[in-house]
Peer 1: 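This structure is in structure tokens; I'll ask about it shortly.
Not measured: the values here are computed from a predicted model.
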Amino acid sequence: MKATAPSEHKQSQILNRKKVETLNLFESTQLIIKEAVQKLGYNEDMYELLKEPARILTVRIPIRMDDSSIKVFTGYRSQHNDAVGPTKGGVRFHPDVNEEEVKALSIWMSLKCSITDLPYGGGKGGIICDPREMSFGELERLSRGYVRAISQIVGPTKDIPAPDVYTNSQIMAWMMDEYSRIREFDSPGFITGKPIVLGGSQGRETATARGVTICIEEAAKKKGIDVKGARIIIQGFGNAGSFLAKFMYDAGAKVVGISDAQGALYDPQGLDINYLLDRRDSFGSVTNLFTNIITNQELLEKECDILVPAAISNQITEKNAHQIKASIVVEAANGPTTLEATNILTDKGILLVPDILASAGGVTVSYFEWVQNNQGYYWSEEEVAEKLRKVIVNAFERICETSQKNKVNMRLAAYMVGIKKPAEASRFRGWV
Ligand code: NAD
């Protein structure tokens, strides 16, 4: 490894083009990768290799709709770096899916897999569509069409998809069936997040929230906060946010605020989470049943010990970061805090647990699912939970140590830990 740092001129190229606050997801990801590569002493060639996915496939998928018309959908599959092993990452069905986002998310998957020490590189896929406006039959035909379109570059030892925004275990089941038909053998290891009867893992549904819970416990220890009785605010009440609220409530924490796309609820005495869980709909909405709601932005600035953004990106920015009262911010969502806000929170002494660590529980249990499929031997929910805890605690410690040793914030530390494995694997393979 050559310890030549990129020139000052090159380092600031991205920054010069745009103000940090206006960088898109892909550009800000590249910016932190550049810093991490430099801090680790790799040369410019390593950055050139890791700054973009190794390959991205764009596909056009013609689907017969229920009214007999043909609609052609656009989909993507991005594979960032496969030096460590097969690539791994979810498939998103959403109207806002675009190539830049899929590329950035595949890089994040490489980082997540690396900090949790999984034998994978990062991948990601998506289709531009609105599943809320499609019938069951149309969704099945689209899922199968996507697998046919990308079948050459995916597989249990090449690239393993999983659920992501607006995709679920039923969609994974259709995709697995289509792949098995193409290959003419049963291929449960082709995809994770499947229903249990098709080789899904116990604990997969709650894995992301469990990972976040473990990060909260570890961060609370560092800050000398007792989780029992701690005041917690969770933005978003979907898969990640609602299971997390339940785990925290059961652990004796006081969940003082929750929110969804319509608004937020805040009660300093603590909310009745079991009641809210009973009343929420399948899209994670519950606040529409109440009249005393506040806005999502107001909620983020309320008094609490622990704040968990678990909804969408760009929620904590330079505009509101100064008003955050929490001692700990744990990013369950992807990209909820901008780079400038990250610096503001760190300067305020807030312990920020970055997204690529906090939300890594899902891919970790996906890996467990793949291992169980390959072995044909299945584990209990307790075994899965115990193994997950070891992985996340270990990752948390490595990132904290890196942060302290190098005097960098937790996000940059996570990128430094995350870059190392694909970088070393690429070097040993003689790619750079
Ligand atoms: P979800 O669709 O199940 O729930 C999203 C929640 O956010 C809902 O309660 C919704 O009402 C709320 N929401 C939507 N728009 C909002 C807005 N503008 N303001 C406030 N709230 C809003 O999604 P999820 O699976 O819980 O994912 C939430 C976040 O966690 C996403 O950023 C996702 O990428 C990330 N994540 C999830 C997983 C997972 O396994 N579910 C894994 C890794 C990362």
Peer 1: List the atom of V384, the atom of S201, and the distance in Å for their closest heavy-atom pair.
Peer 2: CG2-OG, 3.8 Å
Peer 1: Donor-acceptor check, side chain of D355 to backbone of G335, threshold 3.5 angstrom: yes or no?
Peer 2: yes
Peer 1: How about Y166 and R132: does a side-chain donor come under 3.5 Å of a side-chain acceptor?
Peer 2: yes
Peer 1: Could you check if a side-chain atom of R411 sits within less than 4.5 angstrom of a side-chain atom of L339, using non-hydrogen atoms only?
Peer 2: yes
Peer 1: For I328 and D305, run side-chain contact (heavy atoms from CB on, under 4.5 Å): C-alpha distance rounded to whole Å, both residues' side-chain angles, the deciding distance at 0.1 Å, then the answer.
Peer 2: CA-CA 6 Å; I328 297 169; D305 302 303; over 6 Å; no
Peer 1: Exactly one of L300, I344, T337 should register a side-chain contact (heavy atoms from CB on, under 4.5 Å) with I324. Which one does?
Peer 2: L300
Peer 1: Measure the CG-CZ distance between L57 and R77 for me, rounded to the nearest 0.5 Å.
Peer 2: 10.5 Å
Peer 1: Measure the spacing between CD1 of I153 and CZ of R55 and express it to the nearest 0.5 Å.
Peer 2: 7.0 Å
Peer 1: Just by distance, do the side chain of K112 and the backbone of G122 share a donor-acceptor pair under 3.5 Å?
Peer 2: no
Peer 1: Distance alone, cut at 3.5 Å: any donor-acceptor contact between the side chains of S110 and N81?
Peer 2: no
Peer 1: If we count only N and O atoms by modelled type, under 3.5 Å, do the side chains of T208 and N239 hold a donor and an acceptor together?
Peer 2: no
Peer 1: For E205, is there an ion pair with R210 - N to carboxylate O distance below 4.0 angstrom?
Peer 2: no
Peer 1: Short question: side chain of Q372, backbone of W379 - any donor-acceptor pair under 3.5 Å?
Peer 2: yes
Peer 1: Does this structure show an ion pair linking E424 with R427, if we count only N-O contacts that are shorter than 4.0 Å?
Peer 2: yes
Peer 1: So do S143 and F93 actually touch side chain to side chain, heavy atoms under 4.5 Å?
Peer 2: yes
Peer 1: More than 12 heavy atoms of other residues, nucleotides or ligands under 6.0 Å from NZ of K390: is that the case?
Peer 2: no
Peer 1: List the atom of I258, the atom of I273, and the distance in Å for their closest heavy-atom pair.
Peer 2: CG2-CD1, 4.2 Å
Peer 1: Going through the distances and angles, do Y378 and N373 end up as a side-chain hydrogen bond (donor to acceptor under 3.5 Å, both in side chains)?
Peer 2: CA-CA 8 Å; Y378 289 85; N373 293 153; 2.9 Å; yes
Peer 1: State plainly whether the residues K221 and E217 are in salt-bridge range, i.e. N to O under 4.0 Å.
Peer 2: no
Peer 1: Keeping the roles fixed (side chain from R429, backbone from A83), state whether a donor-acceptor pair exists under 3.5 Å.
Peer 2: yes
Peer 1: Nearest 0.5 Å, what's the OG1-NZ distance between T29 and K51?
Peer 2: 14.0 Å
Peer 1: Heavy-atom distance under 4.5 Å between the side chains of Y249 and L277, does that happen here?
Peer 2: no
Peer 1: Can you check side-chain contact (heavy atoms from CB on, under 4.5 Å) on N409 and N343, steps first, answer last?
Peer 2: CA-CA 8 Å; N409 67 41; N343 291 335; 3.4 Å; yes
Peer 1: One thing to verify: whether D177 and K194 come together as a salt bridge, which I'm taking to mean a side-chain N less than 4.0 angstrom from a carboxylate O.
Peer 2: no
Peer 1: Give, for atom CE of M134 and atom CG of D130, the distance between the pair rounded to the nearest 0.5 Å.
Peer 2: 9.0 Å
Peer 1: Is the backbone of Q315 close enough, under 3.5 Å, to the side chain of N320 for a donor and an acceptor to pair up by distance?
Peer 2: yes
Peer 1: Could you check whether any side-chain heavy atom of I419 comes within less than 4.5 Å of a side-chain heavy atom of L50, counting everything from C-beta outward?
Peer 2: yes
Peer 1: Whether the side chain of K124 engages the backbone of H80 through a donor-acceptor N/O pair (distance < 3.5 Å, no angle test) should be reported.
Peer 2: no
Peer 1: List the steps and the verdict of side-chain contact (heavy atoms from CB on, under 4.5 Å) for L142 and F73.
Peer 2: CA-CA 8 Å; L142 183 60; F73 292 87; 3.6 Å; yes
Peer 1: Is a side-chain donor or acceptor of D281 paired with a backbone partner of G284 at a separation under 3.5 angstrom?
Peer 2: yes
Peer 1: On a heavy-atom basis, which atom in A253 and which in I232 lie closest, and how many Å separate them?
Peer 2: CB-CG2, 4.1 Å
Peer 1: Under a plain distance cut-off of 3.5 Å, with no hydrogens placed, do T192 and K88 share a side-chain donor-acceptor pair?
Peer 2: yes
Peer 1: Salt bridge or not between E340 and K319? Use side-chain N to carboxylate O under 4.0 Å.
Peer 2: no
Peer 1: Compare every heavy atom of P161 with every heavy atom of V91, then report the nearest pair and how far apart it is.
Peer 2: CG2-CB, 3.8 Å
Peer 1: Using modelled atom types and a 3.5 Å cut-off, is there a donor and acceptor pairing between side-chain atoms of S359 and backbone atoms of I356?
Peer 2: no
Peer 1: Using the side-chain contact (heavy atoms from CB on, under 4.5 Å) rule, take R141 and D66 through it: C-alpha gap first, then chi angles, then the decisive distance, then the call.
Peer 2: CA-CA 10 Å; R141 292 192 287 280; D66 289 347; 2.8 Å; yes
Peer 1: Would W174 and F136 count as a close aromatic pair, with their ring centres under 6.0 Å?
Peer 2: yes
Peer 1: Heavy atoms only: give me the nearest V255-M248 pair and the separation to one decimal.
Peer 2: CG2-CB, 4.2 Å
Peer 1: Might you confirm whether atom NZ of K39 has over 12 heavy atoms from other residues, nucleotides or ligands at distances under 6.0 Å?
Peer 2: no
Peer 1: Side chains of I128 and N98, heavy atoms from C-beta outward: is any pair under 4.5 Å?
Peer 2: no
Peer 1: Is there a side-chain contact between V371 and N374, using heavy atoms and a 4.5 Å cut-off?
Peer 2: no
Peer 1: If we only count heavy atoms from C-beta on, is the V147 to F190 side-chain gap below 4.5 Å?
Peer 2: yes
Peer 1: Salt bridge check: are D260 and R280 linked by an N-O gap of less than 4.0 Å?
Peer 2: no
Peer 1: Is there a donor-acceptor contact under 3.5 Å from the side chain of W370 to the main chain of P156?
Peer 2: yes
Peer 1: Main chain of Y76, side chain of Y146: is a donor-acceptor contact present, judged purely on distance under 3.5 Å?
Peer 2: yes
Peer 1: How close do G238 and S242 get, counting heavy atoms only, and between which atoms?
Peer 2: O-OG, 2.6 Å
Peer 1: Give me each pair satisfying salt bridge (charged side-chain N to carboxylate O under 4.0 Å, His left out) with a member in residues 93-105, each pair once, sequence neighbours excluded.
Peer 2: E52-K103, R92-E101, E100-K103
Peer 1: At what distance, to the nearest 0.5 angstrom, does OG of S187 lie from CZ of R181?
Peer 2: 12.5 Å
Peer 1: Count the heavy atoms belonging to other residues, nucleotides or ligands that lie under 6.0 Å from CD of Q152, then report whether that count exceeds 12.
Peer 2: no
Peer 1: Do P309 and I316 touch side chain to side chain, with heavy atoms closer than 4.5 Å?
Peer 2: yes
Peer 1: What distance do L357 atom CG and C400 atom SG have between them, rounded to the nearest 0.5 Å?
Peer 2: 8.0 Å
Peer 1: Would you kindly say whether S285 and Q262 are connected by a side-chain donor-acceptor distance under 3.5 Å?
Peer 2: yes
